[in-house]
Amino acid sequence: MHILSYYSSQQGNNNNNTMQPSSSMENNDLENNNSNKGVSNNINGSGSGIFAKTPSMVVRKKSSSEDSIIVTNNSNGRMEMLRNFVTNLREVILGTKLAVLFPAVPLAVAADLYSFGRPWIFALSLIGLAPLAERVSFLTEQIAYYTGPTVGGLLNATCGNATEMIIALLALRKNKVDVVKFSLLGSILSNLLLVLGSSLLCGGLANLKREQRYDRKQADVNSLLLLLGLLCHLLPLLFRYALAGGSYSIATSTLQLSRASSVVMLIAYLAYIVFQLKTHRVIFDAQEEEDDEEKAVLGFWSSFSWLVIMTLVISVLSEYVVGTIEAASDSWGISVSFISLILLPIVGNAAEHAGAIIFAFKNKLDISLGVAMGSATQISMFVVPLSVIVAWIMGIRMDLDFNLLDTGCLALAILVTAFTLQDGTSHYLKGVVLTLCYIVIAACFFVLKTPFTDDPDIETKTSYHAVA
């Protein structure tokens, strides 16, 4: 009826330019626009009242559609972030065979919070450091995929022994110079004798029917740097013995000589980095060939974030280790020198130890040598002099005089390793000799201090300290 009325009114007013709708049509339009209160009661002939509600309807539909798209995208984004986090967590935490040791990390924190026995805190912290040290090496390798070979090499050179560096700096902060010296010396001995020796032993047994060969150039470069480091350790020791009984302070002169030698060692290590990464990269390419076969499994920022987290956790556990080492020594009846020189380096080098053995099994001795010799060179020429310089800045008197016994062990380890690697071939007997040398040195420091004598009424509390 409304439509007929509309058309009748339109036919009766053909001569008019403007069409006026009927009252019933206007009421119908108002009824159809109850939801739009801004529509005028007078609708002109242009039909603006009818089309006025169309854009608002379209806008409402478009807004609703966009909201649903945004909600869907946000939901998908959150799910994608959650999936990435779970994937990264699985890759970082469970991507190593040492993952079974990760529970020791929260247990160490809980032991400290609830004041468990200090030897328990030390033991749990020591165990927890092993997988963390391995994961730091893994994360630096992941970052190296994105930063290029030069920056990646520098990053690996800096973070390769992060655990030893953190323990040394925390021990310096507590003025435990002997712990710093023992732990760093132990890291060098562990890499040269235990890591390299067990790698040659296992590689020789796994490849009995074929001769294992390696490039001598890389071993020669590392041996030269280790001999330079040995010279810088020997001079303060010889200086002290040569000037014994003098009229002036030998300790001050030894300290000054040690600081000057540390600067020289850092310059030599910088030259070694340039030599390795720029001018003579071909000598070290054998170790990188294996890395080229692999691809990055983590993004750059994910790797960087996890690296920061792992470093912070290592700092916490290292703080526990440094603070409880004397309590563990007294409780277990083992000297601080043995714990610092043998136990701490074994934990810190656990990842390198496993990796070097695996490569030796695959008859890739160049990589095994790069891992063991490279880490020993880094400790000797970078971490040790850096510790002396940092102690200097902190006002702590740390020198390069590692005492006669310690320096003698270092000298023999470097010479035995250099002779072992001089012909460019390997067999299991070389590994046996290096490993046995490490066992003899470990036995020496184990019996160096006996906490209790045979007489139960006499308790020996003497500690082994370097003579200043």
Side-chain angles (χ1 to χ4, degrees), residues 88-142 159-174 176 179-180 182-184 186-187 190-191 194-195 298 302-332 334 336 338-357 375 379 383:
N88 292 342
L89 185 65
R90 183 172 62 249
E91 192 67 39
V92 173
I93 302 300
L94 302 179
T96 173
K97 294 181 180 179
L98 298 177
V100 294
L101 302 180
F102 268 118
V105 176
L107 289 176
V109 177
D112 180 68
L113 292 177
Y114 292 98
S115 301
F116 286 6
R118 295 174 69 82
W120 281 103
I121 299 175
F122 177 84
L124 291 172
S125 301
L126 200 63
I127 295 173
L129 285 173
L132 291 172
E134 192 276 336
R135 291 289 85 184
V136 166
S137 300
F138 165 76
L139 292 170
T140 53
E141 292 174 359
Q142 294 298 305
C159 300
N161 291 284
T163 304
E164 289 87 346
M165 292 178 61
I166 293 174
I167 291 177
L169 294 177
L170 292 176
L172 279 177
R173 194 181 69 177
K174 296 187 176 183
K176 296 183 179 182
V179 174
V180 177
F182 285 137
S183 63
L184 296 182
S187 295
S190 175
N191 280 289
L194 182 61
V195 176
L298 297 177
S302 297
S303 302
F304 182 79
S305 301
W306 280 108
L307 181 61
V308 173
I309 294 173
M310 292 292 179
T311 304
L312 292 176
V313 177
I314 287 176
S315 301
V316 173
L317 295 187
S318 299
E319 183 80 20
Y320 294 160
V321 167
V322 173
T324 59
I325 187 171
E326 290 90 352
S329 173
D330 293 337
S331 176
W332 298 344
I334 303 176
V336 174
F338 180 82
I339 295 177
S340 303
L341 195 140
I342 302 299
L343 296 184
L344 287 182
I346 288 178
V347 172
N349 296 325
E352 296 169 347
H353 198 168
I357 291 178
S375 181
I379 293 291
V383 181

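The chain is numbered in sequence order, starting from 1. A quick note: this is a predicted structure, and the numbers were derived from the prediction, not measured.
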Participant: Between the main-chain N or O of Ile93 and the side-chain N or O of Arg135, is there a donor-acceptor pair closer than 3.5 Å?
Facilitator: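 No, because the side chain of Arg135 does not come within donor-acceptor range (under 3.5 Å) of the backbone of Ile93.
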Participant: Identify the heavy atoms of Ile325 and Val322 that sit nearest to each other, and give their distance.
Facilitator: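 What the structure gives for the nearest pair is CG2-O, 3.5 Å.
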Participant: Starting from the C-alpha separation in whole Å, work towards a yes-or-no answer on side chain to side chain contact (heavy atoms under 4.5 Å, CB included) for Thr163 and Leu132.
Facilitator: CA-CA 9 Å; Thr163 304; Leu132 291 172; over 6 Å; no
Participant: If you take all heavy atoms of Pro119 and Ala327, which pair is closest and at what distance?
Facilitator: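 Reported closest heavy-atom pair: CG-O, 4.0 Å.
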Participant: Would you give me the side-chain donor-acceptor pairs under 3.5 Å for residues 102-115, sequence neighbours excluded?
Facilitator:
unit_1	atom_1	unit_2	atom_2	d
Asp112	OD2	Tyr320	OH	3.4

Participant: Can you sort out the partners of Gln142 under side chain to side chain donor-acceptor pair (under 3.5 Å), two or more places apart, ordered by chain and number?
Facilitator: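 Residues passing side chain to side chain donor-acceptor pair (under 3.5 Å) with Gln142: none at all.
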Participant: Specify the closest pair of heavy atoms between Leu94 and Ala99, including all atoms of both residues, with the distance to one decimal.
Facilitator: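 So the minimum-distance heavy-atom pair works out to CA-CB, 4.1 Å.
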Participant: Rounded to the nearest 0.5 Å, how far does CG of Leu317 lie from CD1 of Ile121?
Facilitator: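 Taking CD1 in Ile121 and CG in Leu317, the distance rounds to 11.0 Å.
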Participant: Rounded to the nearest 0.5 Å, how far apart are CG of Leu307 and CG of Leu298?
Facilitator: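 Separation between the atoms: 11.5 Å.
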Participant: Taking Arg118 for the side chain and Gly323 for the main chain, is one N or O donor matched with an acceptor at less than 3.5 Å?
Facilitator: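 Yes; judged by distance alone, with no hydrogens or angles, the pair exists.
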Participant: Taking the six-membered ring for Trp, are the ring centroids of Phe338 and Trp332 within less than 6.0 Å of each other?
Facilitator: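 No: the rings miss the under 6.0 Å criterion.
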Participant: Rounded to the nearest 0.5 Å, what's the gap from CG on Leu341 to OG on Ser190? Could you check?
Facilitator: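 The CG atom of Leu341 sits 9.5 Å away from the OG atom of Ser190.
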Participant: Which residues pass the side chain to side chain contact (heavy atoms under 4.5 Å, CB included) test with Ala130, sequence neighbours left out?
Facilitator: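 By the side chain to side chain contact (heavy atoms under 4.5 Å, CB included) rule, Ala130 matches Leu101, Val347, Ala350.
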Participant: What distance do Thr324 atom OG1 and Asp330 atom CG have between them, rounded to the nearest 0.5 Å?
Facilitator: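 It comes to 11.5 Å.
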Participant: Please identify each residue that fulfils side chain to side chain donor-acceptor pair (under 3.5 Å) with Ser183, with sequence neighbours left out.
Facilitator: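 By the side chain to side chain donor-acceptor pair (under 3.5 Å) rule, Ser183 matches no residue at all.
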Participant: Sequence neighbours left out, what passes side chain to side chain contact (heavy atoms under 4.5 Å, CB included) with Ser318? Give chain and number order.
Facilitator: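 In terms of side chain to side chain contact (heavy atoms under 4.5 Å, CB included), with neighbours along the sequence ignored, Ser318 is linked to Leu129, Ile166, Ile167, Leu170, Ile314.
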Participant: With side chain to side chain contact (heavy atoms under 4.5 Å, CB included) as the test, would you mind laying out the steps for Phe122 and Ile339 before giving the verdict?
Facilitator: CA-CA 11 Å; Phe122 177 84; Ile339 295 177; 3.3 Å; yes
Participant: With sequence neighbours excluded, give me every salt bridge (charged side-chain N to carboxylate O under 4.0 Å, His left out) pair touching residues 303-319.
Facilitator: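 Non-adjacent pairs meeting salt bridge (charged side-chain N to carboxylate O under 4.0 Å, His left out): Arg173-Glu319, Lys174-Glu319.
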Participant: Let me confirm one number: the NZ-OG distance from Lys176 to Ser340, rounded to the nearest 0.5 Å.
Facilitator: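 The distance works out to 9.0 Å.
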